[in-house]
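What follows is a set of notes on a single structure, which appears directly below.
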Amino acid sequence: MTDFRIRPARTADVRAIMSMSEPLVENRVLVAKEAVAYYEDIQEFLVAETGEADQARLIGFGALHVMWEDLAEVRTLATDPAWRGHGVGSALLGGLLDRARDLGIRRVFCLTFETEFFTRHGFEPIDDEPAPVDPEVYAELLRSPDEGVAEFLDLARVKPNTLGNTRMIRSLD
């Protein structure tokens with residue numbers, strides 16, 4: 001089980017993404033999103049699929065959400081349970097980090113329960129320290145209605161954080 005490919009997501013993938021997300025949302029691993037949010041953000045997603053193009057099956061997905069000039073968040077990264085341990089998550093994360101580099105992003109943030117996975121990929125816990133941004137940037141980020149930004153900033157309105165997961169960050173060289 002190693003024959004898969006990574007590609008940019010298309011609107012036709014949204015239903016499969018939502019279907020794969022559903023049990024993860026029920027188990028409080030992923031934050032629930034409305035269908036409209038997936039469609040609005042589809043350009044942020046990469047998907048992993050297996051099989052021939054006309055019979056392809058989605059086996060994973062992940063998104064990169066730009067938060068600031070040099071900061072982005074890996075969001076909604078998930079792999080079909082049958083494909084765990086086969087490099088799908090690593091390939092998706094690698095693709096998202098490549099996108100971040102292409103955009104000029106220097107730091108990538110995530111909220112995760114999968115701390116060992118992200119640690120293997122160079123992420124480190126932020127712990128309870130303030131968000132690692134300049135005060136000027138912090139003030140600008142406070143204006144965002146995005147819950148991921150609020151989680152990154154560790155704002156009181158999201159404490160305890162939405163799912164109880166760990167804030168992690170990686171610098172890109």
Side-chain angles (χ1 to χ4, degrees), residues 6-11 13-14 17-18 21 24-25 28-48 60-79 88-173:
I6 305 296
R7 65 166 173 79
R10 299 186 282 259
T11 56
D13 297 318
V14 168
I17 291 170
M18 290 180 63
S21 297
L24 298 170
V25 169
R28 297 184 43 82
V29 173
L30 292 179
V31 175
K33 293 182 183 182
E34 299 294 333
V36 68
Y38 284 108
Y39 284 110
E40 288 175 342
D41 298 338
I42 197 66
Q43 72 281 355
E44 296 181 351
F45 279 82
L46 293 178
V47 296
F61 52 87
L64 181 76
H65 179 77
V66 175
M67 297 168 69
W68 195 252
E69 177 182 10
D70 67 341
L71 181 67
E73 178 184 5
V74 169
R75 291 184 171 177
T76 322
L77 181 62
T79 301
V88 176
S90 293
L92 284 164
L93 181 57
L96 296 171
L97 295 177
D98 287 344
R99 272 190 172 181
R101 285 182 192 93
D102 289 346
L103 292 169
I105 301 297
R106 293 192 328 258
R107 296 174 301 155
V108 179
F109 159 76
C110 70
L111 285 165
T112 186
F113 291 108
E114 301 294 336
T115 55
E116 289 181 26
F117 171 81
F118 281 96
T119 298
R120 283 194 312 270
H121 292 281
F123 285 76
E124 297 176 351
I126 297 175
D127 295 323
D128 289 329
E129 59 191 63
V133 294
D134 295 330
E136 199 173 282
V137 173
Y138 186 93
E140 288 290 333
L141 289 174
L142 282 175
R143 297 179 181 164
S144 174
D146 187 282
E147 287 298 308
V149 172
E151 294 275 9
F152 172 72
L153 296 176
D154 203 27
L155 299 180
R157 69 180 170 87
V158 292
K159 286 186 177 180
N161 77 25
T162 310
L163 301 174
N165 44 19
T166 301
R167 297 183 316 145
M168 299 183 81
I169 197 160
R170 175 180 169 178
S171 294
L172 301 177
D173 300 324

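One is the number of the first residue; the rest follow in order along the sequence.
- A heavy-atom distance below 4.5 Å is not found between the side chains of V74 and R170.
- In R106, the CZ atom is not crowded: 12 or fewer heavy atoms of neighbouring residues, nucleotides or ligands sit closer than 6.0 Å.
- The 12-atom threshold is exceeded at CD of Q43, counting heavy atoms of other residues, nucleotides or ligands nearer than 6.0 Å.
- A distance of 10.5 Å separates CZ of R107 from CD of E69, quoted to the nearest 0.5 Å.
- S21 and K33 share no side-chain donor-acceptor pair at under 3.5 Å.
- The heavy-atom pair separating L172 from A100 by the smallest distance is CD1-CB, 3.7 Å.
- Contact detail for G60 and V88: the closest heavy-atom pair is CA-CG1, 4.4 Å.
- When all heavy atoms are compared, the tightest approach of Y39 to T11 is CE2-O, 3.6 Å.
- The heavy-atom pair separating T112 from M168 by the smallest distance is CG2-SD, 3.6 Å.
- Put simply, the side chain of L93 reaches to within 4.5 Å of the side chain of F123, judged on heavy atoms.
- In this structure, F61 and F45 have tilted ring planes: the angle between them lies in the 30° to 60° band.
- Among all heavy-atom pairs drawn from L24 and A78, the shortest one is CD1-CB, 3.5 Å.
- Rounding to the nearest 0.5 angstrom, the gap separating the OG1 atom in T115 from the CD atom in E124 is 13.0 Å.
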(message) Evaluate L103 against L64 for side chain to side chain contact (heavy atoms under 4.5 Å, CB included), listing each step before the verdict.
(response) CA-CA 11 Å; L103 292 169; L64 181 76; 4.2 Å; yes
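- Note that the CG atom of L77 and the CD atom of E114 stand 9.0 Å from one another [nearest 0.5 Å].
- Put simply, the side chain of I42 does not reach to within 4.5 Å of the side chain of R10, judged on heavy atoms.
- Closest of all the heavy-atom pairs between C110 and E73 is CA-CG, 4.5 Å.
- To the nearest 0.5 angstrom, I105 atom CD1 is 7.0 Å from L71 atom CG.
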(request) Kindly determine whether R7 and D13 satisfy side chain to side chain contact (heavy atoms under 4.5 Å, CB included), including the steps that lead there. (result) CA-CA 11 Å; R7 65 166 173 79; D13 297 318; 2.9 Å; yes
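- Here T76 contributes atom OG1 and L30 contributes atom CG; the two are 6.0 Å apart, rounded to the nearest 0.5 Å.
- A salt bridge is absent between R99 and D102: the closest approach of a Lys/Arg side-chain nitrogen to an acidic carboxylate oxygen does not fall below 4.0 angstrom.
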